[in-house]
Amino acid sequence: MDQVIFGAEVFLNGLMTGVMYSLVALGFVLIFKASGVFNYAQGVLALFAALTLVGIQDGQVPFAHLINAAFGTSLHHFGWTVPSILAIALTVLVMVLLAFLIEKLVLQHLVGQEPIILFMATIGLAYFLEGLGDVMWGADIKTLDVGLPQGISDGIETLTAGWFGYGFFIDRLDIWATVIAALLVAALVAFSQYTKQGRAMRAVADDHQAALSVGISLRFIWVMVWSIAGFVALVAGIMWGTKSGVQFSLSLIALKALPVLMLGGFTSIPGAIVGGLIIGVGEKMFEFLIGPMVGGATETWFAYVLALVFLVFRPQGLFGERIIERV
Amino acid sequence: MMQAHEGYVTDDGRQIGGTVMELKNITLRFGGVVAIKDISFDIRQGEIRAIIGPNGAGKSSMLNVISGFYNPQEGEVWFKGYRRGPMKPYQVARLGIARTFQNIALFDGMSVLDNIMTGRLNKMKAGFLSQAMWWGAAEREENENREAVEKIIDFLEIQNIRKTPVGRLPYGLKKRVELARALAAEPQLLLLDEPMAGMNVEEKEDMSRFILDVNDEFGTTICLIEHDMGVVMDLSDRVVVMDYGRKIGDGTPDQVRSNQDVIDAYLGVAHD
Amino acid sequence: MIYREAGDFKTSYRDDSQTFPIRLDRWGYYAILAVAFGIIPFVINDYWANAVLVPFLIYAIAALGLNILTGYAGQVSLGTGGFMAVGAYAVYKLMTAFPDVSILIHILLAGGITAAVGVLFGLPSLRIKGFYLAVATLAAQFFLVWLFNKVPWFYNYSASGQITAPERTVLGHAVTGPATSAPAKYLVCLVMAFLLAWLARNLTRGMLGRKWMAIRDMDIAAEIIGVDPLRAKLSAFAVSSFFIGIAGALLFAVYLGAAEVGEAFGINKSFLVLFMIIIGGLGSIFGSFAGAAFMVLMPVLLKNVLVGTLNWPTDLAAHIELMIVGALIVTFLIVEPHGLARLWRLTKEKLRLWPFPH
Amino acid sequence: MFDADRTETLLDVNNIEVIYNHVILVLKGVSLTVPKGGITALLGGNGAGKTTTLKAISNLLASERGEVTKGTITYRGERVAGQNPASLVRKGIIQVMEGRHCFEHLTVEENLLTGAYTRRDGSAAIRRDLEMVYDYFPRLRERRKSQAGYTSGGEQQMVAMGRALMSRPEMILLDEPSMGLAPQLVEQIFEIVKAVNEGEGVTFLLAEQNTNVALRYAHQGYILENGRVVMDGPAMQLRENPDVKEFYLGMSDEGRKSFRDVRSYRRRKRWLA
Amino acid sequence: DLVVPNLSYRTGPYGANGTQYADGFNDYFTLLNERDGGIGGEKIQVPECETAYNTEKGVECYEATKDTGALVYNPLSTGITYQLIPKVAEDKKVLYTPGYGRTSAKNGKVFEWIFNAPANYWDGASVAIKHLLDENGGSLEGKKIALVYHNSAYGKEPIRTLQELADKHGFTLTEVPVEAPGQEQGSQWLQIRRERPDYVIMYGWGVMNQVAIQEAANIRFPMENLIGIWWAGSEIDVQPAGAAADGYKAVTFNGVGQDYPLYDDLQQYVIEPGKASQGGEHVGSAVYSRGMYAAVVIAEAIRKAQELAGTSDITPEQLREGFENLDITEERLAEIGLPDFGPPIQLSCSNHGGSGMARIQQWDAEAGQWNLITEFTEPDQEVVQPLIEEDSQAYATEAGITPRDC
Ligand SMILES: Nc1ncnc2c1ncn2[C@@H]1O[C@H](COP(=O)(O)OP(=O)(O)OP(=O)(O)O)[C@@H](O)[C@H]1O
Ligand SMILES: Nc1ncnc2c1ncn2[C@@H]1O[C@H](COP(=O)(O)OP(=O)(O)OP(=O)(O)O)[C@@H](O)[C@H]1O
Ligand SMILES: [Mg+2]
Ligand SMILES: [Mg+2]
């Protein structure tokens with residue numbers, strides 16, 4: 001009986017973790033949908049966004065280290081702090097600017113190239129942004145606090161303790177993440193399916209040349225999509241950064257998002273959520289049930305294997321667009 | 001076994017043999033769309049058979065059925081006297097059926113020569129080790145087949161682009177390379193999906209000559225889809241007409257041309 | 001006209017299909033071989049061997065392997081690190097279990113074992129394509145690393161899970177273990193790289209190579225003209241993994257001498273090798289070498305310039321190095337998406353026309 | 001009746017050279033003028049450079065690693081060089097690309113709507129034009145909800161045409177509209193071109209292999225060969241030219257030749273001599 | 001000059017920790033150069049080389065520096081250490097790996113060139129258990145202890161020791177691996193919440209530490225029952241969790257805070273003149289102090305070597321002698337300006353690992369500082385020593401080394 005209750009708790013936590021993965025996966029989906037680009041830099045984008053947010057909040061001097069090294073000064077902070085809300089708004093601006101620069105300096109020159117080339121370009125971009133983030137804001141670990149609650153939700157614990165005699169653990173941060181993710185997904189689905197820009201975005205993904213020929217400005221679409229993806233990255237960065245502090249490893253959450261992406265389908269926004277939930281539950285349950293028998297730490301690979309098995313039956317993921325094969 | 005058909009003799013005196021391929025009551029559906037509805041026809045040894053019909057009639061789908069890319073939900077496909085069960089396309093290719101594609105399907109990253117050489121892959125049997133060492137069978141086969149391919153290259157007059165990557169070629173030449181690739185397989189049945197689309201008259205004349213010569217010299221049976229009525233009527237021995245997945249006519253060019261259904265659905269008013 | 005092919009006629013198909021049909025290229029190739037085999041072994045020191053040439057040769061082998069799979073057969077793989085780990089652990093187990101058998105045989109066997117594992121993980125490629133496949137190969141990457149970390153049999157039950165290569169000799173010279181001299185290391189890797197490159201060249205110019213490329217360029221059409229996709233893809237996985245396994249075995253046994261799976265064969269390895277083939281040129285043997293050279297040399301070079309010459313603090317240098325590497329990758333892709341190999345060919349085409357622009 | 005000499009020039013291509021990949025010289029000095037309100041045909045064999053010319057005009061070469069290295073292109077007196085394709089569409093010049101290029105994953109209707117991307121005149125007007133396109137191509141109305149990737153070749157051609165019409169252009173660059181279309185549809189497409197041209201005053205520049213049809217509908221034509229204009233003039237005149245007759249219309253002195261009777265021996269074209 | 005390369009890592013997943021360590025290491029040598037003109041009149045050069053915690057870059061750094069007269073390496077990475085162990089024996093360089101690397105390198109008979117004083121991973125595990133024994137009146141009978149570890153060579157090190165100790169003291173040990181980097185540890189901590197161990201010992205590094213402490217706080221695991229090894233005992237590990245981390249404990253073998261006379265000198269000679277590595281941002285942090293401490297030990301070994309060799313410009317062989325005869329007493333530490341900063345270290349030909357003594361520090365979130373809460377404690381050599389013998393013996397057989405007589 002205990003096992004069942006524990007299992008239920010693990011299941012619920014799996015769902016919550018899945019949502020956290022989805023937040024990262026969403027950014028990938030958006031960019032993939034709009035440009036057919038598999039944006040490896042999404043994880044680094046989240047890191048960069050979080051770094052920027054903390055930097056602005058704490059009034060850090062950007063490039064302080066570089067300036068100090070070059071001019072022998074010892075700048076660190078401006079000496080002010082910025083309220084969270086304002087800092088978030090400023091960070092969004094920075095992300096838009098970044099999107100603009102990425103389009104201008106990278107994507108624009110790669111119109112019509114094969115997907116793998118674009119993929120590689122985003123890896124290059126990831127390297128660059130990682131270095132840039134470090135140079136701009138320093139490589140030390142930063143604490144991120146925008147006022148999101150953390151820790152066990154007492155309400156749920158007492159409630160379930162009343163029901164089962166065992167209080168469930170649900171992290172309040174995860175609850176928040178779920179709410180935010182739901183809102184994001186609803187907004188993004190509506191955007192891509194029912195608006196003119198959303199349609200244009202999907203058109204660009206299908207055929208760059210043709211999109212150009214009907215007067216869709218690739219530049220605008222890309223800046224727009226990368227800005228949105230930057231925003232999504234910021235959200236993911238806030239959620240994950242609150243958990244672990246803002247540091248290099250934040251960029252590695254991208255690896256957690258990939259199986260989600262695969263399973264849900266690279267092109268489906270709802271897929272990112274559903275995929276996240278399945279992966280989250282799957283890996284947690286596997287670790288709970290099978291993990292002890294094989295020595296644990298199965299989470300790194302299980303998600304991938306699970307996604308792989310799904311793919312064998314549905315090669316385009318659960319909700320991905322069918323791969324059109326005609327001759 | 002299906003019944004053997006007598007052959008016939010064409011106007012210009014070619015002897016046409018018995019049935020090579022017979023399609024019986026083929027029906028093909030994609031979800032809700034019925035692309036082919038209960039169609040039967042046959043192709044005989046040595047003839048040039050045309051399939052015509054409006055856009056979306058199901059012609060390419062028919063060719064795909066013949067070449068094994070689609071498995072029809074209903075109906076039977078008989079080839080050389082045997083009923084063909086569901087097969088993978090590459091198995092069909094090994095039976096001696098080669099084809100070209102409506103939207104050119106060449107291997108863009110390879111040179112013209114390599115593209116045509118792929119057509120001969122079923123003729124090359126050298127083992128893995130031999131290939132890895134480039135020794136014995138592998139090298140011998142490579143050179144033998146290269147000779148055969150060079151003959152086709154000469155035949156289609158594409159010597160000067162032999163080493164060019166196909167991605168850079170203009171459309172018409174690509175079509176020709178595709179034909180070369182199909183010919184390299186020395187097929188018994190050659191399927192051509194709109195071989196002359198996107199060509200001007202001069203080029204169509206060239207292409208016609210190639211098709212006729214292939215048919216003449218190698219005795220290859222040809223089944224082609226084409227929208228240029230001039231070409232179809234001039235080249236083909238018999239014509240199947242499809243419309244909305246159904247067969248609305250079948251016969252010699254003259255019979256088809258005068259069929260009222262065909263005129264209504266497809267030909268429209270004749271322009272010359 | 002510095003570079004020319006005119007006057008270089010071929011009279012047989014055999015001559016026409018040789019690797020370097022143009023005389024000038026052939027001479028260049030022989031010259032490089034002469035230097036590589038005849039001169040470098042006598043002048044090489046530890047630094048050049050361990051920091052530059054040995055890793056370059058080993059990565060070139062891995063890049064060749066991945067290039068066969070990705071560049072020729074069009075199956076994008078991110079499992080390179082995992083497959084290298086298979087090679088490394090296979091050679092380790094073989095070395096310790098059969099100490100008397102020649103290490104060279106062990107290395108080849110390690111390649112064979114990796115090939116088998118590669119085929120296994122290649123099976124899904126029949127259904128899964130493009131980026132989905134790329135991500136799916138990550139399953140191999142993570143699973144294999146986990147496996148080697150988890151099952152003590154693989155690391156002979158050592159306390160920490162590290163594996164260390166014992167000393168083995170070829171013709172009386174140590175080629176693994178700490179006593180190995182720089183020329184010995186270099187020569188082992190060079191011979192392997194040379195043989196494997198020759199093998200890769202043979203496979204890719206023949207029918208097998210054409211089948212791979214056909215699958216890469218248009219898999220449906222390939223199937224319709226008679227390529228069995230299962231065999232073509234799996235053979236690509238097998239050959240590719242064979243190469244990568246050998247690279248892994250060399251990396252562990254000859255180069256590093258000791259390895260921890262997560263650290264030495266992590267996901268970064270997979271990306272590194274992928275970089276190499278893309279920067280070098282997909283579907284090009286020369287490109288595999290060029291890419292490996294670029295990715296091995298550039299960071300060393302940058303570091304030497306930034307820290308050694310400009311005296312920047314190492315962390316700033318490291319961060320800026322990241323930025324430069326990133327920017328260079330992007331620039332490369334923009335200037336010539338088809339890699340160094342294409343750049344090289346275009347240069348030759350221009351040289352051929354030179355001094356006339358068209 | 002349209003008269004080329006009396007209307008103003010809409011598009012002027014002046015002696016352009018195009019190079020792909022920095023090495024392959026494809027256009028070796030092409031000049032042409034397109035009068036406003038007319039239908040101009042660009043004829044020529046495979047690889048003559050028709051598509052390249054059209055792409056040079058609509059500035060789509062960059063993504064194919066091609067560039068215009070010499071000469072100028074002016075549209076309504078304004079240099080085209082340096083403008084991005086989107087702004088050209090907004091200025092009224094739109095291209096229908098060779099080989100259809102539909103957005104495979106979008107439905108037929110969504111494809112058409114993307115054509116209206118640059119329009120600012122409200123959804124009611126767009127809906128009206130959508131109906132107009134459906135009236136031109138009833139087949140599309142039937143398939144409006146299917147993904148374009150699954151429609152037949154001809155249907156895709158219609159989608160591409162319809163999509164261009166949706167932008168309410170001043171000028172359409174049509175690349176091989178008849179390719180792969182059934183005869184009556186070819187006729188129909190050209191009828192539509194004519195209707196749009198006459199009804200809405202849209203100027204057409206069309207590259208076409210089907211010389212026969214093209215010269216029947218066009219007002220004037222250019223014949224391109226090997227990256228050069230080898231002949232030009234009013235369509236009627238071109239149709240009477242013996243070389244054009246022989247090489248592009250497939251007629252000999254005795255009338256239409258049968259494709260069966262073509263011999264490999266051929267006369268050399270006069271302009272090559 | 002004396003060359004002591006600093007193979008550091010300031011980028012990558014562990015860059016935040018590596019930076020602080022490298023700063024401490026550099027600054028102490030800078031201090032010696034500035035204040036004393038080096039050691040024995042020889043200036044010390046500390047060429048820095050970035051490894052990014054990556055073994056191959058580590059090799060590159062080693063090769064690039066080894067011909068410049070380098071005496072001793074301290075790569076702060078277990079992976080790189082394993083790489084270098086066979087190499088340094090061949091090249092005759094000293095490898096000093098305080099508190100990390102290969103534990104059984106303590107056995108100088110087998111590992112001639114490696115030193116890992118004052119304490120190693122197994123000592124750390126044992127000291128942690130001793131601390132728990134003290135807290136429980138000498139008995140851990142029937143207690144449940146969980147080991148949360150970085151699933152790598154480093155994290156797996158203490159397992160065998162803890163298993164032995166569990167047998168000896170009658171507690172049950174649960175092993176909970178965390179796959180690197182450790183961004184997501186939900187299931188691990190749920191498991192701990194379910195199984196309610198009395199204590200959790202943690203061998204973590206990098207982001208794993210921050211997440212683990214946060215998760216422990218989330219499930220309201222009592223912080224004072226969570227004990228990290230020294231690599232899980234820095235400020236950056238606890239700060240992200242804020243007040244919730246209050247009471248968290250970690251094992252350490254070096255002092256904390258800046259309450260030592262040496263820091264005055266550091267201030268005067270290094271920081272104020274602007275010579276501090278990275279502008280002196282991290283002076284006094286736990287990891288900084290450990291880097292500095294490593295430098296102190298190396299400097300002392302150099303001093304000893306100079307004394308033995310009678311020359312100031314020593315060779316690596318002579319430095320090795322210096323290490324083997326190293327004797328850092330309490331008085332000597334006080335002289336240096338670091339009274340009670342580390343345990344006394346006395347090495348010999350057979351003992352390269354010192355006494356293994358370590359102590360416990362505890363985090364005071366409000367004050368934002370670590371407090372030392374125990375004295376230096378001896379590990380249970382009865383358990384640890386045989387394991388060391390066994391493991392080093394195995395290595396000797398595998399690598400064909402005949403242990404020295406001493
Ligand atoms: N794989 C598929 N999935 C769904 N529908 C398909 C598929 N293939 C073809 N169809 C549909 O089947 C019908 C017949 O298509 P097909 O390509 O055979 O036409 P066609 O006669 O070759 O026309 P065209 O002359 O324009 O090429 C079309 O309506 C097409 O949309
Ligand atoms: N991207 C490219 N790279 C290199 N060469 C190219 C490229 N695109 C076209 N070409 C070459 O330019 C020449 C002209 O091609 P273009 O497509 O303009 O001809 P076309 O007249 O449209 O022919 P078609 O009637 O076959 O469409 C051809 O020889 C072709 O090989
Ligand atoms: Mg068709
Ligand atoms: Mg064209």
Side-chain angles (χ1 to χ4, degrees), chain A residues 2 6 9-10 13-14 16-17 20-21 64-65 68-69 72 74 76 130-131 134 138-145 150-152 157 166 169 171-174 240-253 255-256 280 283-288 291-292 295-301, chain E residues 9-20 149-152 155 174-191 193-195 206-215 217-220 234-242 244 274 276 278-282 285:
Chain A
D2 274 0
F6 290 155
E9 185 190 21
V10 170
N13 273 277
M16 299 285 173
T17 318
M20 292 286 280
Y21 295 160
H65 189 43
N68 293 348
S74 68
H76 288 293
E130 188 192 321
D134 283 345
D140 45 335
I141 299 179
K142 297 169 186 71
T143 309
L144 189 154
D145 185 6
Q150 265 204 95
I152 185 164
E157 191 186 23
Y166 174 81
F169 170 83
D171 195 334
R172 280 181 291 171
L173 185 67
D174 288 346
W240 283 93
T242 304
K243 248 189 182 172
S244 61
V246 179
Q247 55 178 308
F248 169 82
S249 301
L250 199 60
S251 63
L252 301 179
I253 48 173
L255 291 176
K256 290 256 121 192
E283 68 173 29
K284 296 285 178 270
M285 289 307 280
F286 186 81
E287 178 74 22
F288 173 66
T298 56
E299 282 158 318
T300 41
W301 59 269
Chain E
Y9 44 93
R10 296 173 185 272
T11 55
Y14 307 107
N17 307 57
T19 294
Q20 302 195 2
Y149 65 96
H150 195 265
N151 195 12
S152 66
T174 322
E175 294 156 28
V176 186
V178 173
E179 198 65 42
Q183 200 60 247
E184 221 294 302
Q185 300 174 29
S187 26
Q188 282 80 2
W189 290 93
L190 266 188
Q191 185 188 347
R193 182 166 180 270
R194 277 197 308 269
E195 296 183 1
V207 70
M208 171 183 164
N209 292 341
Q210 291 99 51
V211 174
I213 291 168
Q214 180 67 55
E215 291 282 2
N218 285 352
I219 66 164
R220 293 207 219 91
S234 64
E235 291 77 8
I236 47 177
D237 294 334
V238 284
Q239 272 158 352
Q278 306 274 306
E281 234 179 290
H282 305 294
S285 80

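Below, read A as the first sequence line, B as the second, and so on, with proteins coming before strands; counting in each chain starts at 1.
- Neither the backbone nor the side chain of E/Q20 comes within contact range of chain A; no heavy atoms are under 4.5 Å apart.
- At least one cation-pi condition fails for E/R193 and A/F169: the charged atom is not both under 6.0 angstrom from the six-membered ring centre and inside a 45 degree cone around its axis.
- Between chain E and the residues A/L144, A/D171, A/D174, the most heavy-atom pairs under 4.5 angstrom are made by A/D171.
- Of all heavy-atom pairs between E/E184 and A/W240, the closest is CG-CH2, 3.6 Å.
- Taking each heavy atom of E/P177 and A/G295 in turn, the nearest pair found is CG-O, 3.4 Å.
- Formation of a donor-acceptor pair under 3.5 Å by the E/Q239 side chain with backbone atoms of A/T143 is not found in this model.
- Chain A forms more heavy-atom pairs under 4.5 Å with one residue of E/P181, E/P240, E/G206 than with any other, namely E/P240.
- E/L190 has its side chain out of reach of A/K284: every pair of non-hydrogen atoms, C-beta onward, lies at least 4.5 Å apart.
- Only the side chain of E/Q188 comes within contact range of chain A, with heavy atoms under 4.5 Å apart.
- Residue E/T19 does not touch chain A at all, counting heavy-atom pairs closer than 4.5 Å.
- Residue contact with chain E, scored on non-hydrogen atoms closer than 4.5 Å, involves the side chain of A/T17 exclusively.
- Contacts between residues 9-16 of chain E and chain A, defined by a heavy-atom separation under 4.5 Å, are made by E/R10, E/G12, E/P13, E/A16.
- Counting all heavy atoms, side chain and backbone alike, A/A297 lies closest to E/N151 at CB-ND2, 3.5 Å.
- Proximity to chain E (any heavy atom under 4.5 Å) is shown, for A/N68, by neither the backbone nor the side chain.
- Between chain A and the residues E/H282, E/Q210, E/Q191, E/M208, the most heavy-atom pairs under 4.5 angstrom are made by E/Q210.
- For E/R194, the parts lying under 4.5 angstrom from a heavy atom of chain A are both the backbone and the side chain.
- Of the listed residues (A/K243, A/M16, A/R172), the one with the most heavy-atom contacts under 4.5 Å to chain E is A/K243.
- Using a 4.5 Å cut-off between heavy atoms, E/I219 contacts chain A through both its backbone and its side chain.
- The parts of A/I141 that come within reach of chain E are both its backbone and its side chain, each placing non-hydrogen atoms under 4.5 angstrom from that chain.
- Between chain A and the options E/S187, E/G182, E/G186, E/A212, the largest number of non-hydrogen pairs under 4.5 Å is found for E/S187.
- For a residue to count as touching a neighbouring chain, one of its non-hydrogen atoms must lie under 4.5 Å from one of that chain's; by this rule A/E299 touches chain E with the side chain only.
- Residues A/M20 and E/Q183 are not in side-chain contact: their nearest non-hydrogen atoms beyond the backbone lie 4.5 Å or more apart.
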